[in-house]
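In what follows, every heavy atom counts, from backbone to side chain, and hydrogens, waters and symmetry copies are set aside.
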Amino acid sequence: MIYLSTILMVLIAAVIADNANYELLTNVISPDFCDPNSPVSLSGFFGVKGSKYDSGNSKHYFYWFFEKRSNSLLNESTSTKQQDKVDKVPLLIWLNGGPGCSSMIGLLKENGPCLVNNDGQGIHINPYSWTEAAHVLYLDQPSMTGYSYNSDNTTDDSTSDMAAEDVYFFLQSFFNSDEGSKYRKLPFYLTGESAAGRELLYICNA
């Protein structure tokens with residue numbers, strides 16, 4: 001069960017030049033859920049309405065963020081002088097491929113801080129999570145992928161340009177929010193697997 005200790009609504013860039021509205025909803029997750037070694041866990045939805053490529057639709061992108069573990073779970077020391085500095089810990093965005101594969105697959109079955117048990121009953125901590133070395137944000141994109149959805153629940157982003165535009169404004173909203181602003185100046189990497197390699201190029205060009 002997820003315990004939401006606070007729900008904070010942050011309206012970012014209420015009206016952009018293209019008259020689109022963007023809204024970031026952040027839920028602070030209990031550190032006891034998934035991995036208590038990660039000092040901060042955030043989750044929620046990023047809403048966009050009236051964007052350049054689909055002005056008549058309202059979309060909601062789901063994301064889940066974990067800070068780098070405060071204590072390593074590996075036997076060998078993974079700390080270096082540079083990694084120990086707060087302002088040097090990188091922030092990674094992880095996208096699964098497809099297109100249309102939920103990034104929660106990456107979180108719960110691949111590189112996340114907690115993994116689903118093989119029998120599907122419960123979770124266990126992953127000592128080899130990427131949060132051993134970095135802050136990691138998992139994003140379900142394009143819309144209608146995983147927990148992300150549209151207002152009509154029928155139409156997804158049909159082009160890479162459409163999806164990239166929304167991811168770009170999600171990042172702007174996250175870095176300008178009260179919760180995300182402290183990660184704004186960190187080393188930043190876009191990562192993913194399979195078809196996400198192509199989508200990442202569009203996001204970099206957005």
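Between the side chains of Q141 and D166, no donor N or O sits under 3.5 Å from an acceptor N or O. A donor-acceptor pair shorter than 3.5 Å can be found between the side chains of D140 and S102.
In terms of heavy-atom proximity, S41 sits nearest to W64 at OG-NE1, 3.0 Å. The heavy-atom pair separating I125 from P36 by the smallest distance is CD1-CD, 3.9 Å. Between A133 and P90 the shortest heavy-atom distance is O-CD, 3.6 Å. The shortest heavy-atom contact between P142 and S148 is O-CB, 4.3 Å.
Between the side chain of E179 and the main chain of T26, no donor-acceptor pair closer than 3.5 Å is present. Remark: the backbone N or O of I105 is not paired with any side-chain donor or acceptor of N96 at under 3.5 angstrom. Formation of a donor-acceptor pair under 3.5 Å by the T131 side chain with backbone atoms of A134 is not found in this model. Judged by distance alone, the side chain of S173 and the main-chain N or O of F169 form a donor-acceptor pair under 3.5 Å.
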Under the criterion side-chain contact (heavy atoms from CB on, under 4.5 Å), I'd like the reasoning laid out for V136 against K68: C-alpha separation, chi angles, the key distance, then a yes or no. CA-CA 7 Å; V136 185; K68 177 183 178 293; over 6 Å; no

Verdict with reasoning, Y149 to F45, per ring-ring contact (aromatic ring centres under 6.0 Å, His included): CA-CA 10 Å; Y149 65 97; F45 286 91; 5.7 Å; yes

Set out, in order, the CA-CA distance, both residues' side-chain angles and the distance that settles side-chain contact (heavy atoms from CB on, under 4.5 Å) for S129 and R69, then state yes or no. CA-CA 9 Å; S129 170; R69 283 175 174 154; 3.8 Å; yes

Show, in sequence, the C-alpha distance, side-chain angles and deciding distance for E110 and E193, and conclude whether the side-chain contact (heavy atoms from CB on, under 4.5 Å) test is met. CA-CA 11 Å; E110 299 178 27; E193 65 182 8; 3.0 Å; yes

Checking side-chain contact (heavy atoms from CB on, under 4.5 Å) for the pair F66/C34: CA distance, chi angles, key distance, verdict? CA-CA 10 Å; F66 294 89; C34 188; 3.9 Å; yes

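Between the CG atom of N126 and the CG atom of N111 there is a distance of 8.0 Å, given to the nearest 0.5 Å. Between Q172 atom CD and R184 atom CZ the span is 9.5 Å, to the nearest 0.5 Å. For the atom pair OG (S70) and CG (N37), the distance works out to 6.0 Å, reported to the nearest 0.5 Å.
Two residues are said to be in side-chain contact when any heavy atoms from C-beta on lie closer than 4.5 Å; I93 and L171 meet this criterion. For the pair K109 and M104, the minimum side-chain heavy-atom distance is 4.5 Å or more. The side-chain heavy atoms of L139 and V167, taken from C-beta on, include a pair separated by under 4.5 Å. Residues S38 and P113 fail the side-chain proximity criterion, which asks for heavy atoms closer than 4.5 Å. In this structure the side chain of F62 reaches within 4.5 angstrom of the side chain of S43, judged on heavy atoms. Looking at L137 and Y183, their side chains never come closer than 4.5 Å, going by heavy atoms from C-beta outward. Residues L95 and T191 fail the side-chain proximity criterion, which asks for heavy atoms closer than 4.5 Å. With a 4.5 Å cut-off on side-chain heavy atoms, F174 and F46 do not count as touching.
With sequence neighbours excluded, the residues satisfying side-chain hydrogen bond (donor to acceptor under 3.5 Å, both in side chains) with K182 are E67. For F175, the ring pair (Phe, Tyr, Trp, His ring centres under 6.0 Å) criterion is met by F188, not counting sequence neighbours.
The number of heavy-atom neighbours closer than 6.0 Å to CG of N118, taken from other residues, nucleotides and ligands shown, is 12 or below.
L115 and I29 fall into different hydrophobic clusters, where Ile, Leu, Val, Met, Phe, Trp and Tyr are joined by side-chain heavy atoms under 4.5 Å apart, directly or via other members.
Ring geometry, F65 versus H135: the interplanar angle falls from 30° to 60°, so the pair is classed tilted. By the 30° and 60° cut-offs, the orientation of the rings of Y63 relative to F170 is tilted. Taking the six-membered ring where tryptophan is involved, the planes of W94 and W130 are perpendicular, since the angle between them exceeds 60° and thus also 30°.
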